[in-house]
Amino acid sequence: MKLSSYLIATLKEAPSDAETNSHQLMVRAGMIRKIAAGVYNFLPTGLRVFRKVENIIREEMNRAGAIEVMMPFVTPADLWQKSGRWDVYGKELLRFKDRADRDFCLGPTHEEVVTDLVEREAKSYKNLPLTIYQIQPKFRDEIRPRYGVMRAREFTMKDAYSFDVNEELAEKSYLNMFNAYRNIFDRCGLTYKAVQADSGNIGGSFSHEFMVLAETGEDLVLSCDSCDFAANVETAPCNQVEPLEQSENLESLVEVETPNMTSVDEVAKFLGLKSDRIVKTLVLEADGQLIAVLIRGDHELSLTKLKKVLGVNFLELASEKVLKEANIVKGFCGPVDLNIPIYADYSIKPLKGFATGANKLNFHNINVCWESLNIQEIGSEKAMFSDLREAVDGDRCLSSDCSGILTSTRGIEVGHVFKLGTKYSESMNATFTDQDGKEKNYFMGCYGIGVGRVVAAAVEQNNDENGIRFPLALAPFQIVVISTDKKEGEALLKARELYDYLLNLGYDIAIDDRAESPGVKFKDAELIGIPFQLRIGPKSLAKGVIEFKDRLSGEVLELDQNNFEAIREKIDELL
RNA sequence: CGGGGUGUGGCGCAGUUGGUAGCGCACCUGUUUUGGGAACAGGGGGUCGGAGGUUCGAGCCCUCUCACCCCGACCA
């Protein structure tokens, strides 16, 4: 590629809306440009990197036996109504009507479409197992898109779906994809971790997330210091009941005036208690019903866990309006005499007397005991308490025979694998005929990778003060030949000669033959993240050399300008 | 959706008590430069997000609207 006729859209300054390193660098390097909130153009260099990731994914998918298809971006409502998700999927699903007033949506994921596809085409057990994938745009109308293409509304995803005759074989397919994912992220040169996760909106029983470790990650991962357990905070189990040091002489419940103190910290300070002796009462709306949850003051509620425990689809904190209607005093809510179902986290159990809101403006109760509260039973068991909080640093690892301690790290979720079971094949009534002549539901799995997010994660993980340090496999070009003489002269001729030589041998190479000064070319090459520079100018010509600069090591070598063969060998050594 | 903020040339910004819009970078032309984002000279590009209003006069004041950004269970 001749950069003189290419589009190198580098910027000295980053736009003010770019927050993270990767977002700023991708914009400055001329890889992406925003055209609406969460919607981006990929410019030439950005697209080259994007394609490299895509190709690695495609190669590994094919190698694992998955078959590529392409499903539509626009999908009809009836498929979603069939699975029941038309009503369950919230505002993230962008819906619209066509000219004949028929309902459609932009596909945020493709379980419905693929289940329908396979159901029509693979009616026999002889067609299974089958893993189908596509690399295709998705649209999710996120509440808050951010960090450039890291969390965009329109984004490209590789999504694969496996179909098996039974659970055992479905697990085999799952493992197969899991291993393919390892190969993919290894080849992309990422430092990552596969962690246990929640299967979220997609449903199912078992799943892993692939997390790229980075400080700017939006997820929190807890990993054990002595075994290989790692999980997303949302799901990391923490159902141990830790005894607390506490005096046994219980005093009776007292109301205390706490003027304008609505936060745990304020109340704790005022009452002279530690925040783990305060219990906060969170009021939520769960499928239209109000419920309360008791969480220790120093803990956070995991909506994911609560959702699972309650078995509801819709769960969110009750709005002020709803609270007012229910006569609940915001900021001073408590479990005593509260007339809605109450659930409690395990950590409340050992508390002998604690402080809570008094359901009365500017008052809290102290010396509250859970024994006197009407805590809900869950399911058929009398499980008064359940695991509802997020795990924190220092929690004990709950893997069997492990006494390790959990520590947290931030991560960027670049891939997610789920075992779906028969959730969709049942709801959509998708069946195949088995060997015994009976109709059965497919056992499914689904597997996603955010392509743009992998690119952003790679930038986030590989950069320095000069710009992006792309791993060889992802760099937009692996080599750039730079003529440091902006005029048409001997240096440019030599540069072209070397460029042609390497290009003809099939190297991924560009020549910077723009009429720019040397500094500009060096800066651009480094910002964009090209690993190897071959520099030719009047100075080096006079010395009879070509300079070779390695972006990653910073090493500069002088190579014989007439021995292209040796230059090539040097490159091969490093590639 | 709630709260906050910002919209001025491609990007980053300034713009006084309301008086007819400016700077840096980028871009174009020329000359001089020529190894780490060159210098000088000249030049082009703006209905100041949009609509309405107040005023002799609005980038600035008022109303509405749109877009973008930030924060948001943890206060229950």
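We use all heavy atoms of the structure for the numbers below, so side chains are in, but hydrogens, waters and symmetry mates are not. A note on names: the letters A, B, ... follow the listed sequences, proteins ahead of strands, and every chain is numbered from 1.
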Separation of rC27(B) P from R514(A) CZ (nearest whole Å) = 10 Å
Confirm from the modelled atom types if S540(A) and rG35(B) form a donor-acceptor pair under 3.5 Å, side chain to base only.
-> yes
Short N/O separations, protein against nucleotides 1-8 of chain B, under 3.5 angstrom:
none

Could you please name the option among rG37(B), rG36(B), rC68(B) that lies closest to any side-chain atom of F522(A)?
-> rG36(B)
How is E316(A) classified with respect to the nucleic acid when contacts are heavy atoms under 4.0 Å: base, sugar-phosphate, or nothing?
-> nothing
At a cut-off of 3.5 Å, list every protein nitrogen or oxygen paired with a nitrogen or oxygen from nucleotides 21-24 of chain B, distance to 0.1 Å.
{"residue": "rG24(B)", "atom": "N2", "partner": "E13(A)", "partner atom": "OE1", "Å": "3.4"}

Assess the side chains of D513(A) and S4(A): does a donor N or O sit below 3.5 Å from an acceptor N or O?
-> yes
Please state how far atom CG in L11(A) lies from atom C1' in rG10(B), giving the value in whole angstrom units.
-> 9 Å
Say you pick atom P in rC13(B) and the same atom in rG19(B); how far apart are they, in whole Å?
-> 24 Å
Answer with yes or no whether the side chains of E257(A) and N362(A) bring together a donor and an acceptor at under 3.5 Å.
-> no
Do N365(A) and K360(A) meet the criterion of a side-chain donor-acceptor pair at a distance under 3.5 Å?
-> no
Figure out the CG/P separation between L301(A) and rC75(B), and round it to whole Å.
-> 13 Å
Test: R514(A) and D524(A) ion pair at under 4.0 Å = yes
Euclidean distance for C1', rU33(B) against rG37(B) (whole angstrom) | 15 Å
Just checking, is any N or O donor in the side chain of S207(A) or H416(A) under 3.5 Å from an acceptor N or O on the other one?
-> yes
Quick one: R146(A) CZ to rC68(B) C1', roughly how many Å, whole number?
-> 15 Å
Between the OG1 atom in T281(A) and the CD1 atom in I295(A), the distance rounded to the nearest 0.5 Å is 10.0 Å
Using purine N1 to pyrimidine N3 plus N6-O4 or O6-N4 for Watson-Crick, or N1-O2 and O6-N3 for G-U wobble, both under 3.5 Å, which nucleotide pairs with rG72(B)?
-> rC1(B)
Verify the ring-centre separation between F548(A) and F532(A): is it less than 6.0 angstrom?
-> yes
Of the candidates rG37(B), rC68(B), rC71(B), the side chain of E19(A) sits closest to rC71(B)
Spell out, as yes or no, whether a donor-acceptor pair under 3.5 Å connects the side chain of R551(A) to the backbone of Q533(A).
-> no
Mark yes or no for a side-chain to base donor-acceptor pair under 3.5 Å between D485(A) and rG35(B), with no hydrogen or angle criteria applied.
-> no
Complement of rU6(B), any strand, by Watson-Crick or G-U distances under 3.5 angstrom | rA67(B)
SG (C105(A)) and CH2 (W80(A)) are apart, to the nearest 0.5 Å, by 5.0 Å
Under 4.0 angstrom, heavy atoms only, what part of the nucleic acid is R28(A) near: base, sugar-phosphate, or nothing?
-> base
Integer angstrom distance from the C1' of rC1(B) to that of rG43(B) = 50 Å
Quote, to the nearest angstrom, the P distance that separates rG12(B) from rU6(B).
-> 16 Å
Distance-only polar pair, side chains of S540(A) and E558(A), donor-acceptor under 3.5 Å | no
Answer for the Watson-Crick or wobble partner of rU29(B), both distances under 3.5 Å, is rA41(B)
Distance between C1' atoms of rG35(B) and rC23(B) (Å, rounded) | 31 Å
Select base, sugar-phosphate, or nothing to describe what G357(A) touches, counting heavy atoms under 4.0 Å on all strands.
-> nothing
A37(A) vs S517(A), nearer the 5' end of RNA chain B by closest nucleotide = S517(A)
Fit a plane to each ring of F564(A) and Y501(A), take the angle between them on a 0 to 90° scale, and name the class: parallel (under 30°), tilted (30 to 60°) or perpendicular (over 60°).
-> tilted
Output the single nucleotide from rU33(B), rG37(B), rG12(B) whose closest atom is nearest the side chain of P15(A).
-> rG12(B)
Do D485(A) and S483(A) have side-chain N/O donor and acceptor atoms under 3.5 Å apart?
-> no
May I ask you to say what V264(A) touches in the nucleic acid, namely base, sugar-phosphate or nothing, with a heavy-atom cut-off under 4.0 Å?
-> sugar-phosphate
Separation between the C1' atoms of rA39(B) and rU65(B), rounded to whole Å | 48 Å
rA14(B) -> Watson-Crick or G-U wobble partner, both distances under 3.5 Å, gives none
Sugar-phosphate only, base, or nothing, as touched by A292(A) at under 4.0 Å among non-hydrogen atoms = nothing
Inter-nucleotide C1' distance (rA58(B), rU16(B)), Å rounded | 15 Å
No-H, no-angle donor-acceptor pair, E516(A) side chain to rG37(B) base, under 3.5 Å = no
Between atom CD1 in I32(A) and atom P in rC11(B), what is the gap in whole Å?
-> 15 Å
Write down the distance between OH (Y40(A)) and P (rC68(B)), rounded to a whole number of angstrom.
-> 11 Å
Select base, sugar-phosphate, or nothing to describe what I328(A) touches, counting heavy atoms under 4.0 Å on all strands.
-> nothing
By nearest nucleotide on RNA chain B, pick out whichever of Q533(A) and F332(A) is the more 5' one.
-> Q533(A)
Distance test, side-chain N/O of S16(A) to OP1/OP2 of rC13(B), below 4.0 Å | yes
For atom CZ of R151(A) and atom C1' of rC69(B), their distance in whole Å | 16 Å
R33(A) (side chain) donor-acceptor with V27(A) (main chain) under 3.5 angstrom = yes
Write down the distance between CG (D524(A)) and C1' (rC25(B)), rounded to a whole number of angstrom.
-> 14 Å
Has K34(A) got a side-chain N or O lying under 4.0 Å from the OP1 or OP2 atom of rC69(B)?
-> yes
Watson-Crick or G-U wobble partner of rU47(B), both distances under 3.5 Å = none
When rounded to the nearest Å, what value does the distance between C1' atoms of rC69(B) and rU32(B) take?
-> 44 Å
Got a donor-acceptor pair under 3.5 Å from the side chain of R535(A) to the base of rG36(B)?
-> yes
Of all the nucleotides listed (rG37(B), rG36(B), rU33(B)), which has the minimum atom distance to the side chain of E526(A)?
-> rG36(B)
Pair partner, rA58(B) [Watson-Crick or wobble, under 3.5 Å] = none
